[in-house]
Amino acid sequence: MGAAFNVENLCFKYPSSKENVIKGITFDVHEGEIFGLLGPSGAGKSTTQKILIKLLENYTGSIKYFGKDLKTINNSFYEEIGVGFEMPVHFSKLTALENMKYFAGFYKKTADIQELMERVGLWEYRDVKVAEFSKGMKVRLNFVRAMLNNPRVLFLDEVTNGLDPKNARIIKDMIAEYRAKGGTVFLTTHLMNDVEQLCDRVAFCVNGKLMEISTPRDLKIKYGKREVKVEYRDNGTISSASFPLDGIGDNEEFLKLLKSGKVETIHSGETSLEEIFIIVTGVELK
Amino acid sequence: MKSLAKLIAGELKRLIKYNILPVSLVTAIIWIVLFLFLSKEEAFELAPILIFVDVSAMSILLLGASHHLEKQEGTIRTMMVMPISLWQIITAKNVSSMILALESVLVTSVALYLIHGVTFNYILLLIFVAIAGAAHAAIGFALSLRSRDFTAMLGKLVGYMFIFTIPSILFSIGVIDEKYEWLLMLSPSHSASHLITSALTGEFKLVMTIAACAYLAVLSGVLFKFEVHPRFKDNAARG
């Protein structure tokens, strides 16, 4: 698989700011992967995404989109990408279907609007004005809007924020199916559940710099402890014990505990992405 | 061209759905009612001022309202990530603003003819309204793009009218002496007013009319290229 994006030493400064908001970041987004950019508010995630979708242009460094300099690519770029913004992006006095048909009209190739809207449970509300939609319905319509042109690369910002678990699951399943068909996803979020379930690789953005780029699995191993924690019931009370992973098959105490039949839970010492987020960014998730 | 046509059709549809066109029509109808109570001479004197207000202040106001509403709805941002150029988006909005101005001219002209039998050079009026409308659309965009919200934009519009529009109205009703007219031509409002009055009365000060056309055309070009175009994208990106 090649790279959908090669970003090298990217720097960006807003005209009104004194210092760079993005401070020399380098990363690749591989074709066919779900790449998560994580970080606290104001870390530079959204700015990075806006640069990649050509909303912000006066950057330094190099960005290549499937090998071509992003600065040299014209508006045909937008035939190939889909962008799902966090905030609703629809004409509120038009119906959901009117909105989708209007946006779809500008693309050469479009997806089946009915199929997409049915999948996210909005087809029956197609003739309702978007102004009457709940927040969750607008979020789902945002996702349909992003998928309208069968994009090659999908940019999603807080894609499940405001959705109930059932609808969040549907959207995540659709993203996973899109990736399985070869699509590339650039995801910015602070919802670690989404990251755990979707991302192939993640990068942590802190104060305009990338602190870590790896797979969620490798990060969990790197920041976790190589141990097994066992909870067991002993004389009616819950007790716990930790054992090093190395040589655990020969650990007599561990094996004895297993054979005792008192074990209630066993967990490896890998840490959660939420804990890694706090360690790397120094910011607690709310 | 196909995308531009779709953009213009979308703008027109939204003018109706967002009640902007109906509100503009109601305003025009109020003028018609006014004409019923005026003599032919009074109506003919008032008509240039009414058309001028619609082409200048009302255009800026409606364009600002529509821009800030779309900004609030996030639709400008989503339009920026579609395979259409920024110039196409701006042109479509300019055309829709122009249509509002023309609708008002049409209603006023028909009313003047039906009520008082007044006719004038309609072709010339349309050309002049198009020139003045484009300049005021550019001014409307410039004011909107420099304002955080619609309220802030209204404040700027009041400031603009105080400096540029009120002196022109004062000139129209004879409060400002004619010897200051060339100085007043620096005001886009007065240049627009001069063109509209010329087309309606058929009385031309040729050099001044040519100067007004050239000034408004250059002003539109400069504002669209150096103010509206660069700020539009920046504005959409920042949300």
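Because only heavy atoms are used, hydrogens play no part in the values below, and waters and symmetry mates are left out as well, while side chains stay in. Predicted model, so just to flag it, every value in this text is computed and none were measured. Reminder, nothing fancy here: chain letters follow the sequence lines and each chain counts from 1.
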A/F91, part contacting chain B, at a heavy-atom distance under 4.5 Å: both

Side chain to side chain, B/R77 and A/M87, heavy atoms closer than 4.5 Å: no

Side chains of A/F77 and B/V81 in contact at under 4.5 Å (non-hydrogen atoms): no

Contact origin within A/F106 toward chain B - heavy atom pairs under 4.5 Å: both

Chain A contacts, top residue of B/K2, B/R14, B/K6, B/K13 (heavy-atom pairs, under 4.5 Å): B/R14

Part of A/F103 within contact of chain B (heavy atom distance under 4.5 Å): both

A/Y78 side chain reached by B/I84 side chain, heavy atoms, under 4.5 Å: no

Under 3.5 Å donor-acceptor, B/E73 side chain and A/S92 backbone: yes

Under 4.5 Å from a heavy atom of chain B, the part of A/E80 involved: neither

Most contacts with chain A, counted as non-hydrogen pairs under 4.5 angstrom, among B/M80, B/K17, B/M82, B/K233: B/M82

Contact origin within B/E70 toward chain A - heavy atom pairs under 4.5 Å: side chain

Contacting region of B/L69 [heavy-atom separation from chain A under 4.5 Å]: neither

Point-to-point distance, once rounded to the nearest 0.5 Å, from CG of A/N142 to OG1 of B/T78: 7.5 Å

